[in-house]
Chemist: 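Take this structure first; my questions come after.
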Protein chains: 2
Amino acid sequence: MTLLESIVKRKETYKRGQLLFRAGERFDFIYAIRGGSVKTSVCTPDGRVQITGFHIPGEVLGLSALALGQYSSEARALETTSVCRVEAARLDELAQKIPSLQYQMMKIMSGQIRQDEELMLLLGRRSAEERLAEYLIGLSRRFAARNFSPTQFNLSMSRGDIGNYLGIAEETVCRILTRFQNAGMIATQRRHVSLIDLRQLEAVARMKPAA
Amino acid sequence: MTLLESIVKRKETYKRGQLLFRAGERFDFIYAIRGGSVKTSVCTPDGRVQITGFHIPGEVLGLSALALGQYSSEARALETTSVCRVEAARLDELAQKIPSLQYQMMKIMSGQIRQDEELMLLLGRRSAEERLAEYLIGLSRRFAARNFSPTQFNLSMSRGDIGNYLGIAEETVCRILTRFQNAGMIATQRRHVSLIDLRQLEAVARMKPAA
DNA sequence: GACGGCCATTGATGCAGATCAAAACGCATC
DNA sequence: GATGCGTTTTGATCTGCATCAATGGCCGTC
């Protein structure tokens with residue numbers, strides 16, 4: 001990633017709500033996020049949408065387009081976001097020059113698959129409370145990894161987005177957040193969240209009898 | 001894939017229920033399925049399981065292990081299955097000799113990501129009936145691609161497996177299959193399925209108001 | 001060919017979470 | 001600082017599907 005960045009200097013910024021790419025479009029670029037955040041989503045022919053991920057700086061978007069030469073999902077900025085854009089056509093060239101690049105890309109994709117598997121597990125087998133607890137913990141970890149506070153952060157996505165991502169209704173997200181708050185596990189005010197009792201949150205995320 | 005097969009001749013066979021690899025194990029091999037079928041699954045610390053895919057001949061397993069050097073999921077034969085096993089350690093060597101190999105692998109992974117996104121859409125946003133209809137249609141397509149009958153086939157997985165994969169209960173799978181049968185869309189007897197009215201099935205898979 | 005285990009099917013009941021409805025709040029614009 | 005819109009929150013009701021329970025069918029084993 002940092003490697004890519006050092007090679008290709010093409011930067012772009014997107015404002016909240018702007019599209020980076022949409023599903024079906026020709027695969028021209030991969031995107032490395034430098035600042036801000038992005039959501040990716042897929043949709044059914046009849047218009048229902050599933051958000052497949054929220055992406056923060058340091059992550060790479062667009063590689064799933066490789067197989068068919070067109071993007072499989074759409075990507076939209078959640079806030080003002082700056083990216084580093086790399087022409088897909090130049091990737092082959094670059095890979096020739098930098099042998100480790102292809103390996104890096106494979107690692108990224110491999111990691112994406114792993115992450116998707118986790119999400120499937122979440123969507124298929126867990127209660128709404130577990131999903132939300134897991135979600136908050138996951139965010140906390142990701143922020144920690146970027147040297148931000150793991151216990152105090154701002155959500156760049158709406159309750160509706162969170163619900164969609166987790167496969168639950170917007171209202172249920174609110175209700176459960178309230179429940180967590182009453183239990184003294186978190187505090188929220190609008191999009192700002194404080195995780196107060198991470199241990200208890202983890203207990204919620206991992207409880208329930210076996211299947 | 002065929003490329004791989006031509007290079008590395010290491011073949012193995014597994015009987016119904018045998019493990020190819022399990023989650024957390026060191027990443028030693030990738031597997032190309034030659035005959036039979038395999039299910040892959042991930043699980044929560046507390047033992048709940050989510051099946052992430054059913055795999056048929058021509059498909060490659062294990063690439064998601066690349067990122068962390070260990071398998072993220074487990075793979076188990078659904079019936080007698082023969083595979084072509086390639087040492088992970090040799091992949092780098094091979095990639096040096098055959099430039100297109102890495103590209104092929106990336107394509108496979110990219111395709112896997114795409115497929116996972118579809119499954120997430122399925123798990124997150126669709127009713128049990130739609131899921132099952134979609135599932136049958138998907139199987140039909142895959143069989144057709146391998147020059148098997150797209151309307152008559154045997155399921156190598158149990159109702160329980162199907163339910164787990166689709167995020168619904170075993171009993172619900174049965175009930176809906178019965179419903180489809182009563183509606184004249186399919187006929188089932190035990191693991192043999194005939195798709196009678198594919199058009200109607202497609203209608204079920206894609207209906208319902210938008211979100 | 002009878003026993004035992006697994007898988008499939010069907011029925012009855014309960015609940016988590018969707019959906020519908022409406023109020024309260026924050027934020028941007030004028 | 002009033003207006004209006006999008007977001008969040010809370011309440012009431014409804015329902016799809018899980019869960020519990022029981023029976024029946026198939027297949028392998030002795």
Side-chain angles (χ1 to χ4, degrees), chain A residues 15-17 39 48-51 76 78-80 122-133 135-136 154-183 186-193 204 207-211, chain B residues 15-17 39 48-51 76 78-80 122-133 135-136 154-183 186-193 204 207-211:
Chain A
K15 286 205 276 272
R16 173 174 150 73
K39 67 175 172 181
R48 271 172 296 172
V49 175
Q50 170 69 40
I51 295 175
R76 195 181 290 274
L78 284 167
E79 58 194 313
T80 302
L122 198 77
L123 290 174
R125 304 251 74 78
R126 301 171 123 200
S127 73
E129 279 200 5
E130 291 174 286
R131 294 179 200 198
L132 206 46
Y135 180 69
L136 292 172
N154 267 85
L155 303 173
S156 56
M157 71 295 292
S158 73
R159 302 286 193 270
D161 281 343
I162 295 172
N164 183 296
Y165 177 67
L166 298 176
I168 58 188
E170 181 175 348
E171 295 91 326
T172 304
V173 173
C174 284
R175 270 183 255 274
I176 291 175
L177 285 179
T178 309
R179 227 178 289 164
F180 285 173
Q181 190 152 355
N182 291 339
I186 66 170
T188 64
Q189 46 191 10
R190 213 148 171 84
R191 297 207 176 176
H192 186 80
V193 181
V204 171
M207 72 170 152
K208 270 281 187 76
Chain B
K15 286 205 277 271
R16 172 177 152 74
K39 67 173 171 181
R48 271 171 296 173
V49 176
Q50 169 70 41
I51 295 176
R76 194 180 290 273
L78 285 167
E79 58 193 314
T80 302
L122 198 77
L123 290 173
R125 305 250 73 79
R126 299 170 128 205
S127 74
E129 280 202 4
E130 292 175 285
R131 293 180 200 198
L132 206 45
Y135 180 70
L136 292 172
N154 267 85
L155 302 172
S156 57
M157 71 295 291
S158 72
R159 301 285 194 270
D161 281 344
I162 296 172
N164 183 295
Y165 177 67
L166 298 177
I168 58 189
E170 182 174 348
E171 295 92 324
T172 305
V173 174
C174 284
R175 271 183 255 274
I176 291 175
L177 285 179
T178 309
R179 226 177 290 164
F180 285 173
Q181 190 153 353
N182 292 339
I186 65 171
T188 65
Q189 46 191 11
R190 213 144 171 89
R191 296 208 177 177
H192 186 81
V193 180
V204 171
M207 72 170 154
K208 271 281 188 74

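Keep in mind that the numbers below use all heavy atoms, side chains included, and drop hydrogens, waters and symmetry copies. We name chains A, B, ... by the order of the sequence lines, and we start the count at 1 in each one.
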Chemist: What is the distance, rounded to the nearest whole Å, between atom CZ of A:Arg175 and atom P of D:dG11?
Modeler: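 Taking CZ of A:Arg175 and P of D:dG11, I get 9 Å after rounding.
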
Chemist: Taking CG from A:Leu177 and P from D:dT9, how many angstroms apart are they, rounded to a whole number?
Modeler: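 So the two atoms are 7 Å apart, to the nearest Å.
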
Chemist: For B:Glu170 and D:dT23, give me the distance from atom CD to atom C1', rounded to whole Å.
Modeler: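 Interatomic distance, CD of B:Glu170 to C1' of D:dT23: 15 Å.
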
Chemist: How would you list all residue pairs meeting salt bridge (charged side-chain N to carboxylate O under 4.0 Å, His left out) that involve residues 164-179 of chain B, not counting sequence neighbours?
Modeler: B:Glu129-B:Arg179

Chemist: Take atom CZ of B:Arg159 and atom P of D:dG25, then tell me their distance rounded to the nearest Å.
Modeler: 16 Å

Chemist: How close or far is atom P of D:dT15 from atom CD of B:Glu129, stated in whole angstroms?
Modeler: 16 Å

Chemist: Atom CD of B:Glu130 and atom C1' of D:dG16: how far apart are they, to the nearest Å?
Modeler: 13 Å

Chemist: Categorize B:Gly167 for me: base, sugar-phosphate, or nothing, with a 4.0 angstrom heavy-atom threshold over every strand shown.
Modeler: sugar-phosphate

Chemist: Is it the case that more than 12 heavy atoms not belonging to B:Arg191 sit under 6.0 Å from its CZ atom?
Modeler: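 Yes, CZ of B:Arg191 has more than 12 neighbouring heavy atoms, counting only those of other groups under 6.0 Å.
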
Chemist: Using a strict 4.0 Å threshold on nitrogen-to-oxygen distance, state whether B:Arg48 and A:Glu130 make a salt bridge.
Modeler: yes

Chemist: Any idea which heavy atoms bring B:Arg16 and B:Leu78 closest together, and the distance?
Modeler: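 The pair with the smallest heavy-atom distance is CG-O, 3.6 Å.
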
Chemist: Using the salt bridge (charged side-chain N to carboxylate O under 4.0 Å, His left out) rule, collect all pairs that involve residues 157-169 of chain A, keeping only residues at least two apart or in two chains.
Modeler: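 Residue pairs passing salt bridge (charged side-chain N to carboxylate O under 4.0 Å, His left out), neighbours aside: A:Lys39-A:Asp161.
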
Chemist: Quick check for you: to the nearest 0.5 Å, what is the distance between A:Ile186 atom CD1 and A:Leu177 atom CG?
Modeler: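 Spacing of CD1 (A:Ile186) from CG (A:Leu177) equals 5.0 Å.
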
Chemist: Between D:dC17 atom C1' and B:Asn164 atom CG, what is the distance in whole Å?
Modeler: 16 Å

Chemist: Starting at CZ of A:Arg126, measure out to CG of A:Leu166 and round the result to the nearest 0.5 Å.
Modeler: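 Between A:Arg126 CZ and A:Leu166 CG, I get 11.0 Å after rounding to 0.5 Å.
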
Chemist: Quick one: B:Arg125 CZ to D:dC17 P, roughly how many Å, whole number?
Modeler: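 Going from B:Arg125 (CZ) to D:dC17 (P), I get 14 Å.
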
Chemist: Counting any heavy atom closer than 4.0 Å, what does A:Ile168 reach on the DNA or RNA strands: base, sugar-phosphate only, or nothing?
Modeler: sugar-phosphate

Chemist: Base, sugar-phosphate alone, or nothing: which one does A:Arg126 contact when heavy atoms must sit under 4.0 Å apart?
Modeler: nothing

Chemist: Ignoring backbone atoms, test whether A:Arg190 places a side-chain nitrogen or oxygen under 4.0 Å from the OP1 or OP2 oxygen of D:dT7.
Modeler: no

Chemist: Looking at every strand, decide which applies to A:Ala169 at a 4.0 Å heavy-atom threshold: base, sugar-phosphate, or nothing.
Modeler: base

Chemist: Which part of the nucleic acid, if any, lies within reach of B:Arg191 when heavy atoms closer than 4.0 Å are counted: base, sugar-phosphate only, or nothing?
Modeler: sugar-phosphate

Chemist: Taking any atom under 4.0 angstrom from a heavy atom of chain B, which nucleotides of DNA chain C are the first and last to qualify, 5' to 3'?
Modeler: C:dC7 to C:dA12

